[in-house]
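Data block below; observations after.
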Amino acid sequence: MSVRVRIAPSPTGDPHVGTAYIGLLNWCFARRHGGRFVLRLEDTDQERCQPKSAQAIIEALRWLGLAYDEGPDIGGPHGPYVQSERHRLGIYRRYAEQLLAQGDAYPCFCSTERLASVRAAQLAARQPVMYDRHCRELAPAEARARIAAGEPHVIRLKVPTSGEFSYRDRLRPKPFTKRWEEIDDQVLLKADGWPTYHLAAVVDDHLMGITHVIRAEEWLNSLPKHLLLNERLGFTPPEYIHVGLLRNADKSKISKRKNPTSLLWYRAQGYLPEALLNFLALLGHSHPEGREQFTIAELAEVFDIERVHVTGPVFDLKKLDHLQGLWFRQLPAERVRAEVHAAIDARFDALYPLLRERMTRGGDFLHWAEPFYSAALTVRREDLVPAGQDASAVRGLLEAMAGTCAALQAEERWTASDIEAAIRSLCEQRAAADPAQAPLCAPKLAFGILRQATLGRPHSPPLFPCLEVLGAVRTRERLAAAIQALR
RNA sequence: GCUCCCAUCGUCUAGAGGCCUAGGACAACGGAUUCUCAGUCCGUGAACCGGGGUUCGAAUCCCCGUGGGAGUACCA
């Protein structure tokens, strides 16, 4: 039987670097074994899924060059490749009903409140936290009556209450074992009739002929449920292989708070797909000949899933930068020019609307744009302190502004209007708190100081849109430098 | 709390009982080249989590600790 693998990202946000990592592994595995690589979108959570995200994932994979053989935008023999569409076809409901009819699943009427209190009690009693199977033994007649009466309910999987589960993951020396009684009666169908990940993924993997599921180890704990589902549904299960999770420097699961996780970010920063992929390939894996630089096509030729590590690698951008340097310097002249143009254009497009009205010659653009292109400014103390004002008071104001900027950045609210609102209210508060500070905190003076500190000039286009374009990182760097200059 | 997974330099890794005085890469540091920077070249420091076994011999196998991580949702 020929190999078929998939990646099944959930379109709930920006395309994730973890998707690229798992995608790369699956892509290589498919290539190596002459199999097919499938993209399936798992959008069964109507609350969290964003339509824009699906498109962004597709574009990110295309940018990386992780081409799939079947997927939402290109179709294939096992479509549709989007779970919400499959749901509307009644696919998941059908299998849930099969399980119900076989007595392998049951309706559950427990309220969210009851579930929460059960959980709280178990935690307090130092018991494992799981569903207490309250509805499992309901008389079928009663269950039918309550469903007929329109009572909200979910469908749960009937998990064995004794015996042991064991599975040999080819990456791990010892079989993964767990007692069935420790495994929850998983919800298969939610109250709104949509399937949960567990049901949908197992059903689709089967229907799509998936032979190997290479996924992150966060799924290891739900493996028993997935295998049980396969068995009860009469499917031949795929082989499940769990690889390590990408980590932050503190070893926790990679997160956007501590690392750039969005593939959009890497593209915007000018990282080359070749470099990013090469970097990802080096995490948790190694080239058999010890090579460090290679394309994914070269990798695929020698790819061996057994060489993949189960230890979660720390994601270290320093190494990426090194690889990026190697790749970039080897780029053909054409592409270097294109990359440079792209970098200039990206900033140009943001700046142009701001500068348009104050230009009388094309070359004026260079004059106004200069602070946005230069990496750092040389700030002079005398430019920062308005006549008649005290340097330490100015410093205090800038420090407060820097704090405001840090908060805005942390909240991901770095937009002109949010910056303006926050800075204005900061100034008003300081003026109100200390009348002696009032003159300095008046917009005319305060904004001028902020302009000098961040743009290094007394004149500029409207300040707050400028700061938005400048970006939180550089704005804060420049504020820090200005504060330093006033010490 | 409960369950499961994992463990070689700061980081990514090589290592599948003797080839290990533990190799490579990034980062760090020092030097060379250079007007500067980048790059390049040369060099330095840096690890088998701890304790017990098994064995003639253990980074490699087993056990126990410790540490880290993940799961524990009508999220994926």
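In what follows, chains are A, B, ... by sequence order, proteins preceding strands, each numbered from 1.
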With rounding to the closest Å, how many angstrom separate the [atom1] atoms on [N] and [M]?
N     : M     : atom1 : result
B:C63 : B:U55 : C1'   : 16 Å
B:G45 : B:A22 : C1'   : 16 Å
B:U3  : B:U13 : C1'   : 31 Å
B:A58 : B:G67 : P     : 27 Å
B:A76 : B:A38 : C1'   : 44 Å
B:A25 : B:C19 : C1'   : 22 Å
B:C9  : B:G18 : C1'   : 24 Å
B:C49 : B:U44 : P     : 25 Å

Check RNA chain B against [range] and give the residues with a non-hydrogen atom under 4.0 Å, in numerical order.
range                       : result
residues 210-229 of chain A : A:Glu217, A:Glu218, A:Trp219, A:Leu220, A:Asn221
residues 325-347 of chain A : A:Arg329
residues 10-30 of chain A   : A:Ser10
residues 131-170 of chain A : A:Val154, A:Arg156

Show the numbers, then the answer: is there a salt bridge (charged side-chain N to carboxylate O under 4.0 Å, His left out) between A:Arg4 and A:Glu70?
CA-CA 10 Å; A:Arg4 291 177 59 82; A:Glu70 299 167 29; 2.8 Å; yes
Using a 4.0 Å heavy-atom cut-off across all strands, classify [X] as base, sugar-phosphate, or nothing.
X        : answer
A:Val129 : base
A:Glu182 : sugar-phosphate
A:Gly244 : nothing
A:Leu245 : sugar-phosphate
A:Arg119 : sugar-phosphate
A:Glu42  : sugar-phosphate
A:His309 : sugar-phosphate
A:Phe279 : nothing
A:Leu123 : base

Need to verify one output field. Residue with the more 5' nearest nucleotide on RNA chain B, A:Pro313 or A:Cys110?
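The answer here is A:Pro313.
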Consider side-chain contact (heavy atoms from CB on, under 4.5 Å). Of A:Leu171, A:Asp169, A:Val310, which one does A:His242 pass it with?
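That would be A:Asp169; it is the only one of A:Leu171, A:Asp169, A:Val310 passing the side-chain contact (heavy atoms from CB on, under 4.5 Å) with A:His242.
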Do the ring centers of [X] and [Y] come within less than 6.0 Å of each other?
X        : Y        : answer
A:His322 : A:Phe279 : no
A:Trp219 : A:Tyr197 : yes
A:His285 : A:His309 : no

Measure up the A:Phe365 and A:Phe348 rings against each other and bin them: parallel (under 30°), tilted (30 to 60°), perpendicular (over 60°).
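Geometry flag for A:Phe348 against A:Phe365: tilted rings.
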Using the six-membered ring wherever Trp is involved, compare the ring planes of A:Phe176 and A:Phe165 and label them parallel, tilted or perpendicular (cut-offs 30° and 60°).
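Taking A:Phe165 first and then A:Phe176, their aromatic rings stand perpendicular (interplane angle over 60°).
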With A:Arg146 as the cation and A:Phe109 as the aromatic partner, state whether NZ or CZ is under 6.0 Å from the six-membered ring centre and within 45° of the axis.
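Yes, A:Arg146 and A:Phe109 form such a contact.
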Do A:Arg156 and A:Tyr131 meet the cation-pi criteria used here (NZ or CZ under 6.0 Å from the six-membered ring centre, within 45° of the axis)?
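Yes, a cation-pi geometry.
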Does [N] have a Watson-Crick or wobble mate here (both distances under 3.5 Å), and if so which one?
N     : answer
B:C4  : B:G69
B:C35 : none
B:A46 : none

Between [X] and [Y] (side chain of the first, backbone of the second, donor and acceptor by atom type, cut-off under 3.5 Å), is there such a pair?
X        : Y        : value
A:Ser10  : A:Asp43  : no
A:Tyr21  : A:Leu283 : yes
A:Tyr95  : A:Val202 : no
A:Asn278 : A:Glu274 : no
A:Ser252 : A:Asn248 : no
A:Arg40  : A:Tyr81  : no
A:His16  : A:Gly18  : yes

Quick check for you: among [options], whose closest atom lies nearest to any side-chain atom of [X]?
X        : options             : result
A:Thr196 : B:A70, B:C74, B:A14 : B:C74
A:Arg247 : B:A76, B:G24, B:G69 : B:G69
A:Lys251 : B:C6, B:A70, B:U11  : B:U11
A:Lys253 : B:A7, B:G24, B:A70  : B:A70
A:Lys174 : B:A76, B:C63, B:A73 : B:C63
A:Arg172 : B:C12, B:C5, B:A7   : B:C5

Below 4.0 Å: OP1/OP2 of B:A76 and any side-chain N or O of A:Lys190:
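Yes, A:Lys190 has a side-chain N/O under 4.0 Å of OP1/OP2 on B:A76.
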Quick check on B:U13: is either OP1 or OP2 less than 4.0 Å from any side-chain nitrogen or oxygen of A:Arg291?
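No, outside the criterion.
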Could you point out which residue of A:Lys158, A:His134, A:Lys225, A:Arg136 forms a side-chain hydrogen bond (donor to acceptor under 3.5 Å, both in side chains) with A:Asp185?
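Among A:Lys158, A:His134, A:Lys225, A:Arg136, the one meeting side-chain hydrogen bond (donor to acceptor under 3.5 Å, both in side chains) with A:Asp185 is A:Arg136.
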Assess whether salt bridge (charged side-chain N to carboxylate O under 4.0 Å, His left out) is satisfied between A:Glu182 and A:Arg179, documenting all intermediate values.
CA-CA 6 Å; A:Glu182 286 161 345; A:Arg179 305 212 319 268; 3.6 Å; yes
Residues in salt bridge (charged side-chain N to carboxylate O under 4.0 Å, His left out) with A:Asp304, at least two apart?
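So A:Asp304 forms no salt bridge (charged side-chain N to carboxylate O under 4.0 Å, His left out) with any residue.
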Short heteroatom pairs, N/O only, protein and nucleotides 27-31 of chain B, under 3.5 Å:
none

